[in-house]
Engineer: 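Quick one: structure below, then a few questions.
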Protein chains: 2
Amino acid sequence: MTRGSATARRRSDRLDDLFHALADPTRRRVLARLTLGPAAVTELARPFQMSLPAVSKHLQILERAGLVSRTVDGRVHRLRLTGEPLRQVEVWLDPFRSYWEDTFTRVDEDLAARPSRRLRAPARRRRS
Amino acid sequence: MTRGSATARRRSDRLDDLFHALADPTRRRVLARLTLGPAAVTELARPFQMSLPAVSKHLQILERAGLVSRTVDGRVHRLRLTGEPLRQVEVWLDPFRSYWEDTFTRVDEDLAARPSRRLRAPARRRRS
DNA sequence: CCAACATTAAACCAAATGGTTAAGTATGTA
DNA sequence: TACATACTTAACCATTTGGTTTAATGTTGG
């Protein structure tokens with residue numbers, strides 16, 4: 001018994017869907033387009049070379065992540081940006097914010113704490 | 001010739017790697033752990049049930065995305081958070097910020113511009 | 001009623017993902 | 001020298017992903 005995948009992948013986590021949805025250039029371009037206002041599927045598909053079903057799937061992924069919402073109006077599906085999930089990204093990002101504001105102090109602390117032979121790096125980055 | 005995948009997937013875009021790296025709970029937990037300071041591979045792997053090679057691969061993905069950097073010190077690989085790429089996420093996020101601050105005005109504008117029969121929804125959302 | 005239109009669903013495929021185990025490769029240590 | 005430690009690589013596997021084409025579903029308009 002090889003039993004390759006043991007844990008069976010949860011995939012239920014909200015952020016998983018969210019970040020996964022953002023990890024594709026097509027989907028990011030769609031989101032960018034939607035900042036200009038809502039649009040129908042065909043309209044969203046126009047800039048891309050791929051088939052309509054392909055775009056349709058991308059939109060489903062964005063929808064599942066909550067990034068866009070859909071209003072069916074006759075045969076036209078009108079998509080609009082939701083934004084709320086992007087705020088969630090922002091929220092997730094927040095605890096890390098100190099890391100691109102002052103990384104150096106923490107790194108320096110660590111270097112001081114464990115002065116290894118090999119860490120004799122030639123002090124590359126100036127602190128201004 | 002069925003030629004299933006025509007475009008061959010670029011995957012070279014920086015943001016693709018970045019968001020993909022963030023789209024996994026294990027990797028996000030590793031990042032969270034690293035905000036407390038650098039750590040070795042074994043140490044990072046401890047909270048997880050998966051095998052060491054699995055963690056090693058996750059770390060490679062984080063590294064490829066630039067989210068962590070590695071200092072090999074003897075046989076110990078010390079990982080630290082880099083932060084800079086997370087700032088890139090923030091930068092990418094910026095143009096959307098207005099969407100979780102005031103979505104309503106834009107949506108209303110659009111509804112005004114295209115007054116469809118079927119959109120006679122019973123004014124669900126109050127604006128306060 | 002019938003044809004064009006807007007869109008999704010189904011079936012398929014290659015490649016990537018996330019895991020596994022087993023086998024390296026260095027480095028420390030007795 | 002030999003053994004344990006800290007890792008990575010390699011080979012493998014099931015599932016997911018991102019695309020395709022063809023078919024189906026439901027409007028809209030003549």
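These figures come from a predicted structure and were not determined experimentally. Heavy-atom basis, side chains included; hydrogens, waters and symmetry copies ignored. Quick note on labels: first sequence line is chain A, next is B, and so on, each numbered from 1.
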Engineer: In whole angstroms, how far is the C1' atom of D/dG18 from the CZ atom of A/R28?
Structural biologist: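 Spelled out: CZ on A/R28 to C1' on D/dG18 is 15 Å.
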Engineer: Whether A/R78 and A/D73 form a salt bridge (side-chain N of Lys/Arg under 4.0 Å from carboxylate O of Asp/Glu) is what I want to check.
Structural biologist: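 No, this pair does not count.
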Engineer: Does B/L15 share a hydrophobic cluster with A/F96, counting links as ILVMFWY side-chain heavy atoms below 4.5 Å and allowing steps through other members?
Structural biologist: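 Yes, B/L15 connects to A/F96 through the hydrophobic network.
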Engineer: Among the nucleotides C/dG19, D/dG19, C/dA9, which one has an atom lying closest to any side-chain atom of B/T26?
Structural biologist: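 Nearest listed nucleotide: C/dG19.
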Engineer: C/dT27 C1' sits how many Å from B/R78 CZ, rounded?
Structural biologist: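 Whole-Å distance recorded here is 16 Å.
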Engineer: Rounded off to whole Å, could you give me the CG-to-P distance for the B/L59 and D/dA6 pair?
Structural biologist: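 Distance check: B/L59 CG to D/dA6 P gives 15 Å.
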Engineer: With a non-hydrogen cut-off below 4.0 angstrom, is A/I61 in contact with a base, only sugar-phosphate, or nothing?
Structural biologist: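 Answer is sugar-phosphate: A/I61 comes under 4.0 Å of backbone atoms only.
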Engineer: Is any side-chain nitrogen or oxygen of A/S56 closer than 4.0 Å to OP1 or OP2 of C/dT8?
Structural biologist: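 Result: yes.
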Engineer: Using a strict 4.0 Å threshold on nitrogen-to-oxygen distance, state whether B/R87 and B/E84 make a salt bridge.
Structural biologist: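 Yes, B/R87 and B/E84 are salt-bridged.
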Engineer: Atom NZ of B/K57 to atom C1' of C/dT17: distance rounded to whole Å?
Structural biologist: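 Distance check: B/K57 NZ to C/dT17 C1' gives 8 Å.
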Engineer: Please give, in whole Å, the distance from C/dT27 P to B/D73 CG?
Structural biologist: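 Atom CG in B/D73 sits about 11 Å away from atom P in C/dT27.
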Engineer: By nearest heavy atom, map B/R70 and A/M50 onto DNA chain D; which one lands nearer the 5' end?
Structural biologist: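 It is B/R70, whose closest nucleotide lies nearer the 5' terminus.
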Engineer: What is the distance from CZ of B/F19 to P of C/dA16, rounded to the nearest Å?
Structural biologist: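 Whole-Å distance recorded here is 21 Å.
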Engineer: Calculate the interatomic distance between A/H20 atom NE2 and D/dT15 atom P; express it in whole Å.
Structural biologist: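 Result: 18 Å.
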Engineer: Report the distance from atom CG of A/L62 to atom NE2 of A/H20, rounding to the nearest 0.5 Å.
Structural biologist: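 Nearest 0.5 Å value for the CG-NE2 distance: 10.0 Å.
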Engineer: Could you work out which one of C/dA9, D/dT21, C/dG18 sits closest to the side chain of B/H58?
Structural biologist: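 Per side-chain heavy atoms of B/H58, the pick is C/dG18.
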Engineer: When you measure from the side-chain N and O atoms of B/S51 to the phosphate of C/dT20, is any distance below 4.0 Å, counting only OP1 and OP2?
Structural biologist: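 Checking B/S51 against C/dT20: at least one side-chain N or O falls below 4.0 Å of OP1 or OP2.
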Engineer: Of B/R29, B/E63, B/R27, which meets side chain to side chain donor-acceptor pair (under 3.5 Å) against B/H58?
Structural biologist: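 Testing B/H58 for a side chain to side chain donor-acceptor pair (under 3.5 Å) against B/R29, B/E63, B/R27 leaves exactly one candidate, B/R27.
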Engineer: Tell me whether the OP1 or OP2 atom of C/dG19 has a side-chain N or O from B/Q49 closer than 4.0 Å.
Structural biologist: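 No, outside the criterion.
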Engineer: Rounded to whole Å, please give me the gap between CZ in B/R75 and P in C/dT25.
Structural biologist: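 In whole Å, C/dT25 P lies 18 Å from B/R75 CZ.
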